[in-house]
Structures are given as C-alpha cells and as structure tokens.
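What follows is a set of notes on a single structure, which appears directly below.
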Amino acid sequence: MDNEKKQTLKYNFKEIESKWQKIWDEQQLYKAPEKPGKDKYYMLVMFAYPSGDIHMGHFRNYILGDATARYQMMKGRDVLHPFGWDAFGLPAERAAIQRGLHPAEWTYKNIETSRKTLQTTGISFDWSREVMSCSPDYYKWTQWMFIQLFKKGLAYQKTGWVNWCPEDKTVLANEQVVDGECERCHTKVEKKELKQWYFRITDYADRLIDGLDMLPKWPDNVKTMQKEWIGRSYGLEVDFIIKETGEKIPIFTTRPDTIYGVTFMAIAPESPLVEKLNLVGEYREKVEKYKKEVLMRSEIDRAAAVGEKDGVFTGKYAINPFNGEEIQLWVADYVLAGYGTGAVMAVPAHDSRDFLFAKKYDIPIKIVIHPDGNTVLKLDEMDDAYTDYGVMVNSAHFDGAVGEDAIRKVNDYAEEKGIGRKKVNYKLRDWLISRQRYWGAPIPIIHCPKCGAVSVTESDLPVLLPDVENYIPKGRSPLADVPEYMNVKCPECGGKAQRDADTMDTFVCSSWYYLRYADPKNDKKPYDRDKLDPWMPIDKYIGGITHATGHLIYFRFFQKFLKDIGWVKDEEPATELFNLGMVMDAKGEVMSKSKGNVVSPIGLMDRRGIDISRLGMFFTAPAEKEVLWTDDVLVGVEKFIKNRFYPLTGKFRGADLDLKSCFKLSELDDYSKNTYIKLNQTIKRVGEDFDRLQFNTAISALMELEHDFKPDKIKSDALNDYIILKAIQLMAPMAPHLAEEMWHRCGMNDSVFRSEWPEFDPDAVKFDTVTIAIQVNGKLRSEMEMARDSAKDDVISTALEDSKVKTYTDGKEIIKRIYIANRLVNIVVK
RNA sequence: GCCGGAGUGGUGGAAUUGGUAGACACCAGGGACUUAAAAUCCCUUGGAUCGCAAGGUCCGUGCCGGUUCGAGUCCGGCCUCCGGCACCA
C-alpha cells in the first residue's frame, strides 16, 4: 500500500467531526417540519438543569436519544428531537448569594456553557425549538397554566402543616423531602403551619393510577412506584360518637371486619379534631404539652421511632356505633393528621401498631378474628397482633363471616344503618407549589381586601420577575420587599391590592415543556394545537429513574388536566418511557464536583473523539444499567474503529449498484453467500437491538460482521460495496460523524441520514445449512451439518448414525426422539 | 418490615418464546514483525481431569429442592446485593 493511500485512511476524528457538524448545520438536517407527515416520531430527552456544564450522565442520556432519533430519521420518519433548559430553581439563588451574581446571569452563563458542550457532541437536537423555563416568553405560559388550574378550582390556598427547610427558608413538596431531609441541602425538615398554594392533583388520583395500565411500554418498576406513591386503598369510614357531646368523629379503616375489636381511638396530635374535643383542666394541659413535644420532633426522629409509640389519654370516651361500647380516646403520635380523617379506630388484637400501644399503656385487647375455624388465638400467647384475614368471632351477628366476604358484610351493614360509608383513600397529597424564593415563576395572583385572591388578567401576562437586591432568604419571598412589584390594582374592582409574593415550584415549569416544543415561539398562546396534535404523544421519553414519583407524575397530571380543558388530545403524554442507568466513577461513587471525580465529556471527546466516546459508552453496558466509567472502556471500540471499520472505505471498489436490491443466493459462491447471509442477519439484529436501545449488542453484531467480511475473497464488486455501504448505514446512528465521512468517501452525495435504513433480505437471514446439536439424554454428545428445514425423520436417522452418538445408544432402548427444527436433536435411551 | 429488580469466567457483559452457556470486548499469557520499544497481526484463555496428539470425560449460571427428554430461563424454599416505600389505619 502506498503512503498516500495510508494517509487517507487515517482516522482524523477532529477534522471529520467539525467538518460534518458544520455541513449538517448548514443543511439544517435536524430541523423538524412544522407539522409532521403521518409517520412521525417524537423523541424526547429530559431537559437539563443548567448547573455548570453537562456531565457524563447527561452525555449518556442524550446519545441514547440521539441514536434513536437518527435511526428513526433513516427509517423515513419525521423526527422531533428538541432540547431545553429547566432553568428556574434554588441553586441559581445560592450561587447568587455566594458569588454576588444575579441568578439570571449565573443561569444564562451555565446555559451557554452547556449548550456549547452539547453542540460539540453533535447531538441531533433541533435547536430552533430550544426553550428556557426562566425566560418570560416561557413562564408567561407557566403562569397561564396556573390560571387555568385556578379557574377550575384546581389551584387553591390552604393553611396546613407543611415541610419547611430552615436552611433554604422555604416550604417543600412531599416529593422534595428525602429521609426527612431537604433533598437539596440535606437539612432536617421542620413542620410549620402556613398558608400555601396547592394543585388539586388528588382529584386525578384514580386517573393517574388507572392510566398506568394503558402504558405497556413503561417500565414496571416506575409504574409500581407511582401506584404505591398514590397509594389507593378501599375501606370504610365509620362515625364514632364522642360520649359527652354526641358529636361524630369519622375514622377510616380498611379492616371493617375487626370493628368489634376496637378498644380505643387515637387522634393525631396536630389534627384539628383535638380542638373539637374541648378539653379542659389537667387533660388540656397534658395534651397541649404533648402536641408541642411532638411538633418539635423532626421528620427523621419520627421516622426512626417507627415501632415506638407514645401518646396521652384525653380523659374522653367515644362510642363504637356497632356495639355501643365505650372506648378511651387518646392522642397519639403514630396517627397521621394528613391521612384519612386524622383519627383511627384501634384494634390491638389485629393491628401491630395498636398492639404495641395497648401493651404500653395497658389498654384492653379483644380478639375478634381467628385464623380459621380450627385455630383459636389466645391473648396470653400473643406477642404481636394477628393481622391476616380470618373468621370473625365475638362480633355479634357477623360471627363466622370470613375474610373479604366479612368486610363486604360489615360495609353493607354500616351503609344500611347509616353509621358509615364506603370510602377510597390515597396516600397522595395535594401538590404544594408555592415557594418563598426569588428564582421562579411568579404566582399570577392578586390579593384584594374586597375580592380575595384574584387571578391576573391573561392579557397582562407575564407577571415579570422584578430585580431585587437581596436574595438572602428570610422566610418570606424576596419579592415581598419590592413595593413596586407588590402594590397593584385589583383586576376586578380596581381597588388597592397586593400581588402574591411567592413563586412556583420548578416542577410546575417542567410539567408542560414537552408541549411548548411543538410551537416554541408562539406569543398568543402556549402552543397551537394544530402544530402540537400531530406530534403527540411522545414516542420515547428517556431520563433518569429519579423522577419516577415526581416529574413523571406531575407531567401526567398536567396532560390529563389539559385534556379536560381541551388543550391536548391524549390521556397520556408519553407512550414509552426509558430509564437509563447512572454513570459513576471507577470506584462506583457518584460523580460530583466536591469529590473531584467528575469526568467531563468535553475532555473525553477532545482526547478520543466524539464517536469513539459514544461507542465506548454504548458498548460497555446495556443502557438501563449503571456504568462505572473509566477511559479503559474505550480501548476495544477504538481499536475496532481505527484499525477495522474505518479502513473499510479503502476496500470500496466504486461499483454501480442498487442498495434497495437483493442478491440471489443461488448466484453466489459459497463464501460470498455466507457473507451475504451474515450481512442480513446483522441488519436484522441491529434493527431489533435499536428498537430496544440495546446498543452494546448492536456494536457486537457489527464487529462480527466486519470479522467475517474479507473483501479479498469477494469476487463481485457490487456485493463488496453493498456490504460496506450497509455496514456504514448500520453504524450511522451510533457513530454519526464517522459514518457520514465513510459514506461520502464511498461516493455518496447526500447525507447517510437521508438514506434509507437497510431492510434484511428474508431469504438470507438463515444459512441454508445448519449445525444441529445432538443430545443423548439431554447431554450434548455431538453435532452435525444438515440442510435447513430437513425432514424430522431424516435428521433423526442421521443423528442415530453418528459414531459418537452410537457409543451412548448401543444396546439401549430408545424411548423418545425429540427434534427442535434446525437446532437440536435429543435421543432419550434407557 | 413491605413491595420491586438482580446474582453468569479474572473484568464489562451475551444467550428475544425452556433447546449447543460464556457471543462481543477488556485483562492476562504465548507467538510474529522490530536492533529495541510502541503500534499492529495471529494464537490460547470457565474449572478440574485424561491424552504425545487429534480429541475425550466430569463439574459449572448465588444455595437447596422440584417440574421437564432438556432449566441461566419455569415452580417452591433460602442467602446476598441494589432500588423504592417506610407508622397510610
């Protein structure tokens, strides 16, 4: 080989990558049409929070989306593959405080840096549709969304006990409290009683659960997590009566069959029910003291104290409406104010928590369920409650009723007598969306002394975030200290009024961004349905599992609400969800700036090239698995590309050929035929692998193909070139620059991404001779070559002739002959 | 505690519905080329064992049992790890 030729085959990734990025950009290769044709593909990756620069986790996420988008493009679909920035949020404010920068400045700087990195990766985003949630032309519509919810009564204010982060000095949603700590700064979360804004997501609880059954392409673990998070349970609400006053206190139970075993009642200390008891004297003091004590306990302490129960007796008694029995009324920490009615009927014999409590305070225990007709529970032998279903005893006319049937009978009786009603309860709480912070979308509400809370007139949107001088959190929104902002006229009566000073949780911003991509510049409405509808639903949504019970519930909620008010057509936003695995450092630790173990994709791409970096990431593990990153994972693919795959262009002969045609097997010599078959098997495998995001095996398949393909042995120029071009196409979604360069070196003029994705020749996906394994009694003993689809009898008689097989079958009786077509024979002898 | 998921060579991982376990790589070892090194190429590479060799034999997918002609895959019981929930009545 002469020097000149060697030179042209050197894989100069820097030159190749920058060249094609420039050309693709000029050609607007990734620009999605305003409205897609029939065959559309909406490829969505979760947008990014701009904190510094993109890291390896983002890189992995986005190359998965990119390869999918390019693959769909080649399959002839109109692809929407947009990107944007989840740009409001606390870290920007913290940076503002620490560095004396405006949060906007910090945010926009990070967006610049991150966008540049992403553009360097050559990811096929349609940048003309980029959105930023902190920009007024975006948050205008976040505010519009709020107003629509408000109009329907789904955004409302209420006073209640909320999670409060003393460090960030703001309230947090339940989802933002992890193990009793603020998920951002890990400070212990406190409870405060405050008036806050909520979205009535609980109205959608049933649809959020039931909708999961319409999502076969969502991973089961996410669906299970959402179901448990929403926590639907069916039960009975029973009215207990306060003895003194005759007032009713309803309780919720999922075990109505244990109602005759109630020996006390317990109320949550912070429940308003406690007030209703009108306690006086020593009991009032005791209960007040206890309540204060409990509120001092942090979430962590309360969580850690599971198993330890305490409470105080109120001196009051309640009456069980089923049997008229008088029971003690306690206040106890283990009862949650926010679930059910804030009060429980306690059945120590059949509930472990009630059992512990009753033992501790010497409250009677009454057995009303026996495991079955023959087993009888004995109180002095019990060291825990019996909580399984069983036979009702000591329960008046219900005695003998069993399990779910028993529950049904008790429920019916309660409804008939008017002492209770069937009820569904949820663990899910309404979504607390107000934040006492600066860097968020202002809540578009004006508080008027006469008219109350009034929404800002839609034509006055956006409510612009004003500049403030001081971001230091004081426990109220920094906006409250800006009089020009706060003091406005009431949109209804024109009188003096004040704006709501709070901003919205950033999860509100991210609950609808996928809709804005369809029409990102619209200043008349959030989007035009004519533009949105043809793209929806999202065909594939790729992101981390961390959002399973947060964002992925919120955005489904928004979709359902918008469907109800006629702004979207689908019940569910995304047909398929894919959770990618995390990228850790070599020791298995999460990469973080403070640990100094962050591997930057930009450095990597600079040293090894974008396509090698992508292939290394793809090859090292299946996409859903965690990856421990070292540059070592690149060694194999780098050698393959540099020494094997890229040099294939040097073997191209420039034949005149039609890529859509097939070769006739009968006209090929043995080697050519086998290679042609291998090619078609590879086409089939790679396509199937792409469909399930299994890029690691797709690369293996291409390595095998290259290994088997020896151009020197291929006589037909057309076949030789055909194999090379198809291999380039199969590689293209994973290594775009490399493939494009090779494609053009082989004389193609248009982009490889506008070429048609290879289809396999159905006649050529199987060899016409097959290797059949021969087992005797299930153990592999030999193998043989047979014509494909040979008759069963022929295959078995050939197998029986095999000399190795004979040594195992001689002199033995053959009881069974099993043949699995084209794969295996099993001879069973005795 | 409850609910998911996983456990395969020295390593990352293949095996799409029960049908030849370990594809494809990495690492390691050996060889070729070279004055030498790097690079490149070729060979070996689950364990044990027999054989000069060609080639056999036995064991082997966390552990114990089961179903089946046949189990990494299905069933029952256990162990370990990871993730989620965590007093939800």
Side-chain angles (χ1 to χ4, degrees), chain A residues 179-180 219-229 231-233 235-236 251-255 258 265-266 268 302-309 332-336 338-347 350-354 356-357 387 425-429 545-546 548-549 579 582 588 616 619-622 624-628 630 632-637 639-640 642-643 685 688-689 691-692 694 696-704 706-707 771-783 804 807 814-830:
Chain A
D179 294 331
D220 285 333
N221 60 340
V222 172
K223 288 192 277 189
T224 307
M225 279 161 74
Q226 293 205 351
K227 269 182 199 160
E228 284 177 5
W229 187 264
R232 177 164 61 191
S233 58
L236 183 70
I251 57 87
F252 175 75
T253 179
T254 53
R255 291 298 302 275
T258 64
M265 182 169 172
R302 282 179 90 160
V306 171
E308 285 169 49
K309 314 262 166 279
D333 189 18
Y334 77 93
V335 183
L336 304 173
Y339 182 78
T341 63
V344 299
M345 66 177 211
V347 186
H350 305 294
D351 181 287
S352 302
R353 296 153 301 183
D354 300 343
L356 281 172
F357 195 86
T387 57
N425 256 310
Y426 305 89
K427 286 193 213 174
L428 183 74
R429 310 290 152 86
I545 185 75
T546 43
T549 55
N579 294 121
M582 293 226 286
F619 188 62
T620 187
E624 68 279 6
K625 274 199 77 163
E626 185 176 277
V627 158
L628 306 189
T630 45
D632 296 349
V633 309
L634 299 175
V635 173
V637 288
K639 279 200 269 189
F640 173 65
K642 285 187 175 167
N643 304 329
R685 273 175 70 183
E688 285 164 357
D689 287 346
D691 286 331
R692 45 183 191 138
Q694 280 254 350
N696 55 334
T697 46
I699 294 169
S700 299
L702 284 167
M703 285 172 163
E704 281 182 47
E706 188 286 326
H707 182 83
T771 308
I772 292 173
I774 311 173
Q775 296 182 336
V776 179
N777 286 346
K779 290 199 174 179
L780 181 70
R781 295 303 178 190
S782 185
E783 47 184 45
K804 283 178 215 144
T807 61
I814 295 170
I815 358 183
K816 224 170 183 178
R817 300 164 171 87
I818 289 146
Y819 175 54
I820 305 298
N822 299 319
R823 303 203 76 157
L824 162 148
V825 170
N826 190 10
I827 311 292
V828 185
V829 296
K830 200 161 74 178

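So that the names make sense, note that chain A is the first sequence line, chain B the second, and so on, each numbered from 1.
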Taking only nitrogen or oxygen atoms into account, show me every contact under 3.5 Å that the protein makes with nucleotides 1-6 of chain B, one pair per line with its distance.
from	atom 1	to	atom 2	distance (Å)
C3(B)	O2'	Glu228(A)	OE2	3.0

Give one of base, sugar-phosphate or nothing for [X], where a contact means two heavy atoms less than 4.0 Å apart.
X         : result
Asn643(A) : sugar-phosphate
Ser233(A) : sugar-phosphate
Phe640(A) : nothing
Val335(A) : base

With a 3.5 Å limit on both atom pairs, tell me what [N] is paired to, counting Watson-Crick and G-U wobble, or say none.
N      : answer
U40(B) : A32(B)
A54(B) : none
U80(B) : A6(B)
G1(B)  : C85(B)

Taking all heavy atoms of [X] and all of [Y], pick out the closest pair and write down the distance.
X         : Y         : answer
Asn579(A) : Pro219(A) : OD1-CG, 3.4 Å
Thr387(A) : Asp351(A) : CG2-CA, 4.1 Å
Ala773(A) : Glu783(A) : CA-CB, 4.1 Å

Could you tell me the separation between the [atom1] atom of [X] and the [atom2] atom of [N], rounded to a whole number of Å?
X         : N      : atom1 : atom2 : result
Asn579(A) : G84(B) : CG    : P     : 12 Å
Tyr819(A) : U20(B) : OH    : C1'   : 14 Å
Lys804(A) : A54(B) : NZ    : P     : 14 Å
Glu688(A) : A15(B) : CD    : C1'   : 14 Å
Asp632(A) : C27(B) : CG    : C1'   : 10 Å
Lys227(A) : G84(B) : NZ    : C1'   : 15 Å
Leu628(A) : G13(B) : CG    : C1'   : 13 Å
Leu824(A) : U68(B) : CG    : P     : 19 Å

Side chain of [X] (C-beta onward), nearest among [options]:
X         : options                : result
Thr697(A) : C24(B), A14(B), U20(B) : A14(B)
Pro622(A) : A89(B), G84(B), A14(B) : A14(B)
Leu780(A) : U20(B), A14(B), C24(B) : U20(B)
Trp229(A) : U40(B), C85(B), C87(B) : C85(B)
Asp333(A) : A25(B), C87(B), A23(B) : C87(B)
Thr620(A) : A86(B), C87(B), G12(B) : G12(B)

note = Per the O4'-C1'-N9-C4 / O4'-C1'-N1-C2 angle with a 90° window around 0, G31(B) comes out anti
Could you measure between the two [atom1] atoms, the one in [N] and the one in [M], and give it in whole Å?
N      : M      : atom1 : value
U68(B) : C27(B) : P     : 47 Å
A38(B) : A32(B) : C1'   : 16 Å
U11(B) : A86(B) : C1'   : 37 Å
G46(B) : G22(B) : C1'   : 8 Å
U49(B) : C63(B) : C1'   : 26 Å
G10(B) : A6(B)  : P     : 23 Å
U44(B) : G9(B)  : C1'   : 15 Å
G13(B) : A25(B) : C1'   : 8 Å

Any [X] side-chain nitrogen or oxygen under 4.0 Å from OP1 or OP2 of [N]:
X         : N      : answer
Lys625(A) : G13(B) : yes
Tyr339(A) : A89(B) : yes
Arg781(A) : C58(B) : yes
Lys779(A) : C59(B) : yes

If you measure from [atom1] on [X] to [atom2] on [Y], what distance do you get to the nearest 0.5 Å?
X         : Y         : atom1 : atom2 : answer
Asn826(A) : Leu780(A) : CG    : CG    : 10.0 Å
Gln226(A) : Thr549(A) : CD    : OG1   : 7.5 Å
Glu624(A) : Gln694(A) : CD    : CD    : 6.5 Å

query = Any N or O donor-acceptor pair linking the side chain of Lys309(A) to the base of C87(B) at under 3.5 Å?
reply = yes
note = Assert: residue with more 5' nearest nucleotide on RNA chain B, out of Asp689(A) and Asp354(A), is Asp689(A)
ask   = Given side chains that start at C-beta, do those of Val347(A) and Thr253(A) come closer than 4.5 Å, heavy atoms only?
value = no
task = Please tell me if the side chains of Met345(A) and Asp354(A) come closer than 4.5 Å, counting only heavy atoms from C-beta onward.
result = no
request  = Return the orientation label for the Phe357(A) and Tyr334(A) ring planes: parallel under 30°, perpendicular over 60°, tilted otherwise.
outcome  = tilted
Polar atom pairs (N or O), protein with nucleotides 69-71 of chain B, under 3.5 Å:
from	atom 1	to	atom 2	distance (Å)
C69(B)	OP1	Lys816(A)	NZ	3.1
C69(B)	O2'	Asn826(A)	ND2	3.4
C69(B)	O2	Asn826(A)	ND2	2.4

